[in-house]
Amino acid sequence: MHWADVAAQSLSHKGNKHVVSTGITPSGEFHIGHLREILTGDMIARAAKNAGLDVDFVFIIDSADPLRKVYDFLGKEYEQCVGQQLGAIPAPDKNGNPDWERFHEEGWTYAQHFLQPFLKALSEIGVKPRLIDNLESYRSGRFSDLAKIACDKADEIKECIERVSSRELPEHWFPWSPLNSKGGLDKVKVTGYDFPNVHWTDEYGGTGVSDITKGEGKLPWRIDWPAKWGWIGVTCEAFGKDHGAAGGSYATGREIVQLLGHEPPQPLVYEWISLKGKGAMSSSVGNTIGPIEALQLVPPEILRLLIAKSKPNKAIEFDTGMGLVTLADEYERLAARDFGSELADDTLSRRQRVQIEDASGAMRMASTVDGQQAHATSVTFRHLALLAQTKKDDSEVWASLVASGAIQSVTPQLQDRLHRMRHWIESEHFPEEMRMNILKKPNLEMLQHFTSDQKNILRNLTVALQACTWDSAAIGSCIPQAARDLELPPRMAFTVAYAALMGTEKGPRLAPILAEMDQQSIRELLNQCLVATE
RNA sequence: GGGCCUGUAGCUCAGUCAGGUAGAGCGUCGGACUUUUAAUCCGAUGGUCGCGGGUUCGAACCCCGUCAGGCCCGCCA
């Protein structure tokens, strides 16, 4: 059974109505690591729906969290905003400094700035969660009841956090962080509490009162999370392994939520995604790849497959080079399979059955539209990459595919894929291995090993290509003819041509590539090869 | 210090919860095809299941120990 179905099944034992939740702090550029958070939730929700459960899938935007520091991608002027809530400060402008004008005129916030592109990517990926803005929830009083209980039980909660996380909290710790005199959440001390007011003093010399029913502050993370579970009614949440460790926020959260009068959600801990060769993703180091950027390279269903095929506790290495080709080709292979009939075979071992079920489940989760069957395009990424490099016009790509019988007609799906492919080829991510290059200078080492037959073919070929009409068909017949004239196998002509023109033993279909090149420069190259073999 | 996760074929991983002959895909090699989509099709190759004990008729799986890598216990998915 697919991991999402396993999660759904265990949810079904607990009831029929469920809220699957996810949450991210919009503190900077979103990356594909965040995508795992949201897709893991989305897949559980989908599986639960498929299992006949009544599911609500929510995405909590943690806009009430403060700006921790002036990140590298921010301008110095953000110094004044540190400690203030992400949903209450301006978005960065082109220079990375706060755009106060847009903030005052349109209410365009830091949180929205980073969230917006992510939401756009999500809709392309087929994820449509109910959005909950955390800051807005505080301000409109959704947290009121639970914040009150938390403040009333301050001692019990403090004891719980200290015991479970084995970390000591300061003497004046209180389960409510009031906004200080500068509108920030730091450098403030709670001095008293009488519902709904929390009294405070801050290091700037200010004192004041924070009304916990009006969002004049927030619950600290370890209480904020369980409080959300409570008022939203969360029954299942997937979260990163940082929260999942012993003594981490899930460990304290599951106890605190019960102090607040609710049951803890079913957890699912997932591993990080790293970029191949670059280590863990980190916005500050800059080795991130955003969902938008990823979508320019691969179609959404393939991105979904990446998450769906790995169990959540497996670390994923996202490889934007050759790994992408393998992944995309795997998608095509899976799409071409008929899992239903494979499973109908009752001689299958349990192991084989599990494997087929998982593959089938992964494909069900990979579709951007729930219930839509993926169908193979019968054009591999590899093949498309070749065509895209040799043919400038999309129409020529389609013509070639139709002519070879690979496709009957062009579909929007294929057009979309070619579009992304061209993007990929132009990007830094495109692997050298896939890039095709006609040599500028002869590869002397390869030419040295030429036999006399091969040298003769080369001579013939040089003459023939000099005279031939410069189009794909003519070139295509020229090459094998160069060998036939000598009563040698046509195949040998290709070997010679690859060695001379590309410096490889084999390669993609030559004629269309050469047709795209300049006849003069090919002739020169071949002449240089000839000289080198004399 | 405490805890979590991972370790299975050259690579990526299933299989561990419910113990029953070690599985896929990729790669590699071979064959078919022969104006070749580095294509496609067919076949083969491939593992002391990190290591050592224990339980069992039987262990990749359960238990104990151990090694290695990653991570958490400071609100970075």
Side-chain angles (χ1 to χ4, degrees), chain A residues 6 22-25 27-28 30-40 62 65-66 68-69 71 164-167 177 185 220-225 238-249 251-252 269-274 279-284 309-311 313-317 319 322-323 325-327 329-330 333-334 349-352 354-359 378-380 382-387 390 400-401 403-406 433-434 436 473 475-484 489-495 497-498 502 504-513:
Chain A
V6 173
T22 59
I24 301 176
T25 304
S27 57
F30 282 73
H31 52 66
I32 49 167
H34 294 108
L35 210 53
R36 189 170 204 177
E37 159 93 20
I38 211 108
L39 277 178
T40 304
D62 286 321
D65 291 4
R68 307 248 166 246
K69 62 171 189 174
Y71 299 106
V164 177
S165 76
S166 65
R167 100 183 213 235
S177 303
L185 290 161
W221 166 246
R222 283 189 187 250
I223 299 124
D224 173 88
W225 200 19
F239 45 86
K241 62 176 178 179
D242 51 337
H243 295 311
S249 47
T252 50
V269 179
Y270 61 85
E271 255 282 359
W272 305 130
I273 296 183
S274 61
M281 205 133 342
S282 157
S283 316
S284 54
K309 72 170 189 145
S310 300
K311 298 212 292 190
N313 66 357
K314 286 283 180 188
I316 294 178
E317 261 203 356
D319 177 4
M322 279 313 283
V325 181
T326 315
L327 179 66
D329 286 350
E330 182 178 2
R333 265 199 315 279
L334 289 170
S349 70
R350 173 170 159 249
R351 216 169 261 162
Q352 289 170 311
V354 166
Q355 211 142 32
I356 297 167
E357 280 172 1
D358 282 355
S378 66
V379 182
T380 64
R382 227 190 186 90
H383 186 182
L384 196 61
L386 291 177
L387 293 175
T390 52
S400 160
L401 287 169
S404 68
E433 193 182 335
M434 293 282 290
M436 86 177 47
I475 298 170
S477 62
C478 253
I479 300 174
Q481 197 59 40
R484 280 208 199 90
R491 186 175 217 169
M492 199 180 276
F494 285 98
T495 317
Y498 286 118
M502 300 182 78
T504 56
E505 284 173 20
K506 50 183 181 172
R509 192 169 208 174
L510 266 176
I513 302 167

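By convention in this document, chain letters (A, B, ...) are assigned in the order of the sequence lines, proteins followed by strands, and residues within each chain are numbered from 1. Keep in mind the model is a prediction, meaning the values are calculated, not measured.
Between A:Lys311 and A:Gln355, the residue whose closest nucleotide on RNA chain B is further toward the 5' end is A:Lys311. Nearer to the 5' terminus of RNA chain B, by closest-nucleotide assignment, is the contact made by A:Lys314 (compared with the other of A:Pro480 and A:Lys314).
A:Gly476 comes within 4.0 angstrom of a nucleotide base, judged by non-hydrogen atoms across all strands. Residue A:Thr22 is classed as having no contact, given no heavy-atom separation below 4.0 Å to the nucleic acid. A:Tyr498 comes within 4.0 angstrom of a nucleotide base, judged by non-hydrogen atoms across all strands. Within 4.0 Å of A:Thr252, counting heavy atoms only, lies no atom of the nucleic acid at all. Residue A:Ala493 is classed as having no contact, given no heavy-atom separation below 4.0 Å to the nucleic acid.
The pairing partner recorded for B:G43 is B:C29, the criterion being a Watson-Crick or G-U wobble arrangement whose two distances lie under 3.5 angstrom. Base pairing of B:G52: its partner is B:C64, meeting the Watson-Crick or G-U wobble criterion (both donor-acceptor distances under 3.5 Å). Shown here, B:G1 forms a base pair with B:C73; the pair counts as Watson-Crick or G-U wobble because both key distances fall under 3.5 Å.
Distance noted for atom C1' between B:C57 and B:G19: 12 Å (whole Å). Across the P atoms, B:U48 and B:G70 are found 26 Å apart, a figure rounded to whole Å. A gap of 14 Å separates the C1' atoms of B:U21 and B:A60, to the nearest Å. For the C1' atoms, the distance from B:A59 to B:G15 is 13 Å, rounded to whole Å. B:U6 sits 31 Å from B:U28 when the P atoms are compared, rounded to a whole Å. B:U8 and B:G43 are spaced 28 Å apart, taking the P atom of each and rounding to whole Å. A distance of about 34 Å separates the C1' atoms of B:C72 and B:C26, rounded to the whole Å. The gap from the P atom of B:A9 to that of B:G47 amounts to 10 Å, rounded to the nearest Å.
Separating the CD atom of A:Glu271 from the C1' atom of B:C4 is a distance of 10 Å, rounded to the nearest angstrom. Spacing between atom NZ of A:Lys241 and atom P of B:U6 amounts to 11 Å, rounded to whole angstrom units. Atoms CD (A:Glu317) and P (B:C13) sit 8 Å apart, rounded to a whole Å. At whole-Å resolution of the value, CD in A:Glu330 and C1' in B:A14 are 12 Å apart. Rounded to an integer number of Å, the gap from CG of A:Leu401 to P of B:A39 is 15 Å. Residue A:Ile24 contributes atom CD1, which lies 15 Å from atom C1' of B:C75 at whole-angstrom precision. The distance between atom CG of A:Asp319 and atom P of B:C11, rounded to the nearest whole Å, is 16 Å. Rounded to an integer number of Å, the gap from A:Arg333 CZ to B:U40 P is 10 Å.
Here the nucleotide nearest the side chain of A:Phe494, chosen from B:G15, B:U35, B:C5, is B:U35. In the set B:C71, B:U35, B:U6, B:U6 carries the atom at the smallest distance from any side-chain atom of A:Asn313. The listed nucleotides are B:C73, B:G70, B:U6; the one nearest the side chain of A:Ser165 is B:C73. Here the nucleotide nearest the side chain of A:Asp65, chosen from B:C75, B:G70, B:C76, is B:C75.
Between A:Phe239 and A:Trp225, the ring planes are perpendicular. Angles over 60° get that label, and only those under 30° would be called parallel.
Side-chain N/O atoms of A:Arg68 and base N/O atoms of B:C76 include no donor-acceptor pair closer than 3.5 Å.
Side-chain contact check for A:His243 versus A:Trp221: some heavy-atom pair is nearer than 4.5 Å. Between A:Asp242 and A:Trp272 there is a side-chain heavy-atom pair separated by less than 4.5 Å.
For A:Val269 against A:Gly244, the heavy-atom pair with the smallest separation is CG2-CA, 4.0 Å.
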In sequence, state the C-alpha distance, the side-chain angles, and the governing distance for A:Ser310 and A:Glu271, and then conclude on side chain to side chain contact (heavy atoms under 4.5 Å, CB included).
CA-CA 10 Å; A:Ser310 300; A:Glu271 255 282 359; over 6 Å; no
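The closest donor-acceptor contact from the side chain of A:His34 to the backbone of A:His31 lies under 3.5 Å.
Between A:Cys478 atom SG and A:Leu510 atom CG the span is 12.0 Å, to the nearest 0.5 Å.
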